[in-house]
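One structure is given here, and the rest of the page talks about it.
First the proteins, then the strands, lettered A, B, ... as listed; each starts at 1.
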Amino acid sequence: MSKAITPREQDYSQWYIDIVLKAGLADYSAVKGCMVIKPYGYALWENMRDALDKMFKETGHVNAYFPLFVPKSLFEAEEKNAEGFAKECAVVTHYRLKTDPNNKGKLMVDPDAKLEEELVVRPTSEAIIWNTYKGWIQSYRDLPILVNQWANVVRWEMRTRLFLRTAEFLWQEGHTAHATKQEALEETVKMLHVYGEFAENFMAMPVIKGVKSANERFAGAEDTYCIEAMMQDGKALQAGTSHFLGQNFAKAFNVTYLDKNNKQEFVWATSWGVSTRLIGALIMTHSDNEGLVLPPKLAPIQVVIVPIAKNEEQLAAVRARMQPLMDELKAKGIRLKFDDADNRTPGWKFAEYEMKGVPVRIAVGPRDLENNTVELARRDERTKEVKSMDGLAAGIEQLLVEIQENLYKRSIQLRETMITPVDTYEDFKKVLSEKGGFISAHWDGTSETEEAIKTETKATIRCIPLDQVAEDGVCIYSGKPSKGRVLFAMAY
RNA sequence: CGAGGUGUGGCGCAGUUGGUAGCGCACCUGGUUUGGGACCAGGGGGUCGUCAGUUCGAGCCUGGCCACCUCGACCA
């Protein structure tokens, strides 16, 4: 592994790629646009998944699993949804290979094994799930259905980027069915807040909650709610979405229930999801030129102990001395690694764990054993100090909390400087090109204006914030009246 | 799809005028080391992306093809 990563200020994109590869999160694969998530990256995903899963269950959801394949006839049932995803669908047309008679040792698709009906590899699961729900729902007593699925999906993107946009990715998708519009709307917003809480409390990543404009809405949704995060380079990243689907899918799949008055009604729906893209968001929120920086709550390794020893005896002595501390930390549920690998020097390990973003590092050698101390280093601020071994476990537990808070504080401070209100289109373009970030501006509410601004500047409306302040103004582009500001940005 | 780049040992790369492949890291063995990416000695590992052509001879020259990466276009 080479020593340096490309500095952020030199080439942000390359910096990001370097971190993903050199921190051992993921790697390119033999399949174009698809990546291998390596054990360290997967451990990070598992921690995110577990935290989210717990929150879903606490809000009354259960997990289930639906097929990877969606028969084309089902996929096309909800027209807008199908149309929105059509251009990026992988399609299975055959179910068998055979040896190629003209090419020894090679295989070919068996033309006799053509499927009666093509199978779409799910880019999202509304179709297969709503086709299933049809059989689950007869009465209002069957509602609500609050199901989540952890799965992979495939979207044949023209251009991919590690974690941020890959052809196959891991995610969760919640799909709920409700008796009333009100209830479905409440669910949509509830899950948006779950995502917001996860982003802020676990990822230490501030987000803006809002609603998408019609242009940016999920295909097949009545309304798309989102959490939008700001990356260090001034570009926005959609970190999660929660959709109010109205009765679109119920109508497309004819899913009805009998209400208390024995009347047939269409079911109301929501869907919501976050993906491995969050790992990309995490990287671009906290990391620096030394590598990854991880919030303690999600870090696969929270504390690493690097022993320094000249021989086996010294190593044994360090281990023996650290054992009580390790037991204590483990009892507190802290994820810990004691790295006694003898083929690496301490210096190598220091650099390596910095690259991997481990929040707290402890170095202990003979000097420390004599003085009853350790060297304690924190990744977020890259500081280190000598601490007494007494009361160390409690101190470390506290330090992890501090680091988590510090990361959040740091990123929200940066984010605040990255929201710029503007009142003219000239200023809008100036801020966009010179500073980036979110631009808070009046908009007349029309798709035409949004489209025109996008064509001219590449910036899009990231969201209409939920906490939008009512304020009379005029649209920066059309000059028409506006009742509040929306957030524009360049986006990933 | 457009522009650019890269394909040589696990990784990163060099390879001159065409003469039968080398360096660093990693790996294995032994030893010395270990407080910010250690050192010495020895060792193993390569159909040079692929197909064809030119040539006595091709990693190198010619032509085709393929793959991947980066940047654009596109992106709920």
Side-chain angles (χ1 to χ4, degrees), chain A residues 1-6 11-14 16-18 20-22 24 27-35 78 80-89 122-126 153 155-162 164-167 169 171 173 212-221 223-226 237-238 240-243 245 271-275 277 290-291 306-312 314-315 318 339-356 361-371 373-377 382 384 386 454-455 458 460 491-492:
Chain A
M1 194 174 294
S2 74
K3 287 177 185 177
I5 59 177
T6 307
D11 183 345
Y12 195 80
S13 183
Q14 192 58 49
Y16 173 80
I17 293 165
D18 283 353
V20 171
L21 299 178
K22 292 183 179 176
D27 215 339
Y28 296 110
S29 74
V31 188
K32 186 182 172 70
C34 294
M35 64 177 183
E78 210 294 326
K80 278 191 183 148
N81 184 249
E83 227 181 271
F85 285 102
K87 293 187 308 257
E88 50 195 55
C89 285
R122 63 181 169 214
T124 181
S125 300
E126 276 79 4
V153 287
R155 295 180 188 179
W156 214 267
E157 302 285 354
M158 292 180 195
R159 179 146 133 59
T160 56
R161 309 191 62 172
L162 294 167
L164 297 174
R165 177 169 285 107
T166 47
F169 56 93
W171 76 342
E173 45 182 327
K212 287 291 188 191
S213 63
N215 284 12
E216 300 278 322
R217 194 178 286 152
F218 177 75
D223 255 319
T224 289
Y225 290 75
C226 61
L237 183 81
Q238 176 177 297
T241 47
S242 183
H243 314 292
L245 302 175
S271 70
W272 26 274
V274 297
S275 72
R277 177 180 237 209
E290 313 307 318
V306 177
I308 296 156
K310 293 194 193 306
N311 50 50
E312 281 297 319
Q314 283 190 356
L315 179 63
V318 169
D339 187 352
D340 58 358
D342 62 359
N343 59 340
R344 301 289 182 203
T345 61
W348 193 93
K349 291 173 186 174
F350 295 165
E352 179 67 7
Y353 290 110
E354 259 162 36
M355 181 69 81
K356 286 177 126 53
R361 185 185 71 231
I362 296 171
V364 209
R367 212 158 68 200
D368 296 295
L369 295 190
E370 251 176 62
N371 301 332
T373 57
V374 300
E375 182 189 84
L376 192 64
R382 301 196 70 233
K384 53 188 180 183
V386 175
K454 184 182 176 183
T455 307
K458 293 181 183 165
T460 50
Y492 275 98

- Message: How long is the straight-line distance from OG of A/Ser213 back to CG of A/Asp223, given to the nearest 0.5 Å?
- Response: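 So the gap between those two atoms works out to 10.5 Å.
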- Query: Within the side chain of A/Glu216, is there an N or O that forms a donor-acceptor pair under 3.5 Å with the backbone of A/Lys212?
  - Reply: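 No; zero donor-acceptor contacts below 3.5 Å.
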- Do the side-chain N or O atoms of A/Thr345 get closer than 4.0 angstrom to the phosphate oxygens (OP1, OP2) of B/A38?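 Looking at the OP1 and OP2 atoms of B/A38, one of them is under 4.0 Å from a side-chain N or O of A/Thr345.
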- Within less than 4.0 Å of OP1 or OP2 of B/U33, is there a side-chain N or O belonging to A/Lys310?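 No.
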- Hey, which sits more toward the 5' end of RNA chain B by its nearest nucleotide, A/Pro307 or A/Ala351?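 Taking each residue's closest nucleotide, the earlier one in sequence belongs to A/Pro307.
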- Query: Mapping A/His243 and A/Arg361 onto RNA chain B by nearest heavy atom, which one lands closer to the 5' end?
  - Reply: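 Counting from the 5' end, the first nearest nucleotide belongs to A/Arg361.
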Given atom [atom1] of [X] and atom [atom2] of [N], what is their separation to the nearest angstrom?
X	N	atom1	atom2	answer
A/Asp342	B/U33	CG	C1'	12 Å
A/Glu352	B/C25	CD	P	17 Å
A/Leu376	B/G36	CG	P	16 Å
A/Ile308	B/U34	CD1	P	11 Å
A/Arg165	B/C75	CZ	P	10 Å
A/Asp18	B/G12	CG	P	12 Å
A/Trp348	B/U33	CH2	P	23 Å
A/Asn343	B/C39	CG	C1'	15 Å

[atom1] atom, [N] versus [M]: distance in rounded Å?
N	M	atom1	result
B/G36	B/U50	C1'	45 Å
B/G15	B/C71	P	26 Å
B/G45	B/G9	P	15 Å
B/G35	B/C27	C1'	27 Å

- Item | Those residues that, when tested against A/Phe85, pass ring-ring contact (aromatic ring centres under 6.0 Å, His included) (two or more places apart) |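 Testing A/Phe85 for ring-ring contact (aromatic ring centres under 6.0 Å, His included), a comparison that skips the adjacent residues, returns A/Phe218.
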Would you mind telling me which of [options] lies closest to the side-chain atoms of [X]?
X	options	value
A/Glu88	B/C75, B/G37, B/U34	B/C75
A/Arg344	B/C27, B/G36, B/U34	B/C27
A/Lys384	B/U34, B/C75, B/G36	B/G36

- Note on the structure: Quick tally for nucleotides 67-72 of chain B: nucleotides whose base has a protein heavy atom under 4.0 Å get B, sugar-phosphate-only ones S, the rest -, giving -SSSSB
- Given pairs defined as Watson-Crick or G-U wobble with both distances under 3.5 Å, what dot-bracket annotation applies to RNA chain B, with ( ) intrastrand, [ ] crossing, | other strand and . unpaired? (((((((..((((.....[..)))).((((((.....)))))).....(((((..]....))))))))))))....
